[in-house]
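Fair warning: this is a prediction, and the values are worked out from it, not measured in the lab.
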Amino acid sequence: MGQYVNPGCDKFEMSLNSEIYIDKSNLIAKTNAFVRTERRFICISRPRRFGKTMAANMLAAYYGAGEDTHRLFGDLNIAADDTYEKHLNKYHVIMINMQEFLSRTNTVTQMLTLLQSKVIKDLQEIYPTIKYDKMDDFIEAMKDTYQKTKRPFIILLDEWDCLFREYKNDHNAQKKYLDFLRLWLKDQAYVGLAYMTGILPIKKYGSHSALNMFDEYSMTSPSQFINYFGFTASEVEQLSHEYQIDLDEIEKWYNGYFTELGNSIYNPRSVTSCLTLKEFDNYWNKTETYEALKDYIKLNFDGLRDKVTRMLSGESIGINTRRFKNDMTTMESADDILTLLVHLGYLTYNFKNKTISIPNEEVKDEFVTAIESLNWTNVVDALRESDKLLKAIWNQDADLVAEGIGKVHEQNTSILQYNNENALSCVISLALYCASEYYTVVRELPTGKGYSDLVFMPRQQHSNKPALVVELKWNQTAEGAIHQIKHKNYPVALETYQGNLLLVGINYDKKDKTHTCVIESIN
C-alpha cells in the first residue's frame, strides 16, 4: 500500500466504528455499473457536510487491491449485490484529496507537480520490479503499470473543485488544471473509473469543455445518486427512535432537501451532531461561516434582496438554473447567485416546480445572521417584532395584530408590493417569522370545502399553544374571512388536533391602505 495508491481502508474503518453509521454501501453497486464502460466518468457535487469524503473512502476500501476488505463489507448491504465479489479488491486505487495538495503549494503548477511526484513514488515502491521508462512522466508511469499488471485504475478525486473556490479569478490556473485532468483521464485505457466529488459542477469555458466525458450529478440534477449523500426520512426516523429525540424538531431544523421524486433528504452532519450532543442547534456555522452567504446576497441583481426576503417569509421562488457558469465569480443575474446558493446548500431546489426556498431552521439562521450584518433594517425589525405579533394573536388582540401587520407592510413596500392575497400572505408570514419556533406552517392546506391560506399546527413540544387557521382577504372584510373559514369547514382538517383553535381573518383595504383583523376562539 502507498499514501495515495491503494491507500487502504483505515479511514473507512473509522467511519464504521463511529457512534452513528448509516449504511450507504449500495452506492458501490451504482458505481460498479459504470466500471470499465464508456460512462466510467462520474462527478458528484454536493454541499459540505453531506458525506462525500466518507463515500470516497468507502470506494477506496472496496476497490483497492492493497488488502482484503471482506471483513469490512461482509455485513453491509453491498454484500448482497450480484456485483459484490466481481469488483472487490480488484483494482489499483488512486485516492487524492485535492485540497491537501492545493494547501501545500503556492501555484497550480506546484500543486500538479507535487501530485504527480507523489503518485509516481507510490507506484515505484509498490511495484519495484516494473521498469518505468520515464521516471518523471506521470501518465507514462500509469500506462506502464497498467500494461504490466493488467489492473485498471480507480481514480478518486475528493474536493476536486477546490482550485475554483480558492483561485476564483485566476482563469489561466483554472484552465491549466482542467487541461491536466483531461490529459490524465480522457480516453485513457488505464482508467477503470474516474469518480470526482466537490461542491461545484464542472466549470465550462464557452466552447472549451475539458471534462465533457463526465456525467454530472449535482444539487440541481442528482438523479440516481441522491439517496447516498444525506440521510433519508426513514433513516432519520429510525435514528430519532434510537436516540429518543423529537422527530418533529429534527425535521424542522435539518430537513428540507429533496430528491427529484420529492422525498426528503436531511443534512447528515447536523443530524449526527444533534443526536450525539442531545441539543438542537445551528451546526451549520461550525463548518461554514455566514460570510460567504453575505458576500453573495449583497449583490442585489434583479431584486435579489426582495427574493431573499420573500423566501425568509416562507415563499418559494422560481429560478432558471441553466445559465449558471459553475463558478463563484461569473454572476450576471439573481438566478446565477441563487443557483450557486443551491450548490452551497443554502437553498433547496424543487425539481417539479423549478423553485427554490430556504430548507430549514438551521440555514434560515444563517440568512438572518447575514442580513443583520448587511443592515437590512426594515426586514430585521420585522423579524424582531414578530414575537410580539404572535403573542397578540394568542391574546386575541385583533387591533394590535392589524397594527403590527400594517407596520411590516409599510416598512417593506418596496419588497412586498401589494397586488393580491399572495402578497398579503407574504407580509403575514414575514410578520409571523418567529412562529416556526412553535408551529409547523402549512400554506394552502386542503380543508373541508377548499384551501385555507395559512395553517399553524403546534409542534409536539409546544402542544399547549393554540392552532391557528388564517384566512386572508383583499378589498373585502376580516369578518368575511372568518365567515369563509366556517362556511368551508376549514377546522375539519384539524379534527384530530386536541387543543384550542384560533380563527384569524385579515383583510387589506387597498383604498384606505389599512389592515383589519378579527380573531375567534374555538375549543
Aromatic ring pairing Tyr228/Phe225, orientation class (parallel under 30°, perpendicular over 60°, tilted between): perpendicular
Lys278, NZ: over 12 other non-hydrogen atoms inside 6.0 angstrom: yes
Any donor-acceptor N or O pair under 3.5 Å, side chains Asn227, Thr232: no
From Arg323 atom CZ to Thr330 atom OG1, the distance as rounded to the nearest 0.5 Å: 14.0 Å
Short side-chain to backbone donor-acceptor contact, Thr259 and Ile226, under 3.5 Å: no
Between His92 and Thr149, a side-chain donor and acceptor under 3.5 Å: yes
Thr107 versus Thr109, side-chain donor and acceptor atoms under 3.5 Å: no
Step-by-step ring pair (Phe, Tyr, Trp, His ring centres under 6.0 Å) determination, Phe229 to Tyr257: CA-CA 11 Å; Phe229 301 92; Tyr257 304 95; over 10 Å; no
Aromatic ring proximity, centroids under 6.0 angstrom, Tyr346 and Tyr296: no
Result of checking Leu157, Val35, Ile42 against Tyr195 for side chain to side chain contact (heavy atoms under 4.5 Å, CB included): Ile42
Lys118 versus Gln3, closest heavy-atom pair with distance: NZ-OE1, 4.5 Å
Could you list the donor-acceptor pairs under 3.5 angstrom formed between side-chain atoms of residues 59-70 and any protein atom two or more places apart in sequence or on another chain?
residue : atom : partner : partner atom : Å
Tyr62   : OH   : Asn32   : ND2          : 3.4
Tyr62   : OH   : Thr83   : O            : 3.4
Tyr62   : OH   : Tyr84   : O            : 2.7
Tyr62   : OH   : Leu88   : N            : 3.4
Tyr63   : OH   : Thr31   : OG1          : 2.8
Tyr63   : OH   : Asn32   : N            : 3.4
Tyr63   : OH   : Asn32   : OD1          : 2.6
Glu67   : OE2  : Cys9    : N            : 3.3
Asp68   : OD1  : His70   : N            : 2.9
Asp68   : OD1  : His70   : ND1          : 2.6
Thr69   : OG1  : Ala61   : O            : 2.9
Thr69   : OG1  : Asn89   : ND2          : 3.0
His70   : NE2  : Glu85   : OE1          : 3.1
His70   : NE2  : Glu85   : OE2          : 3.2

Residues Ser436 and Glu361: side-chain donor-acceptor under 3.5 angstrom: yes
Crowding at CG, Asn17 (>12 non-hydrogen neighbours, <6.0 Å): yes
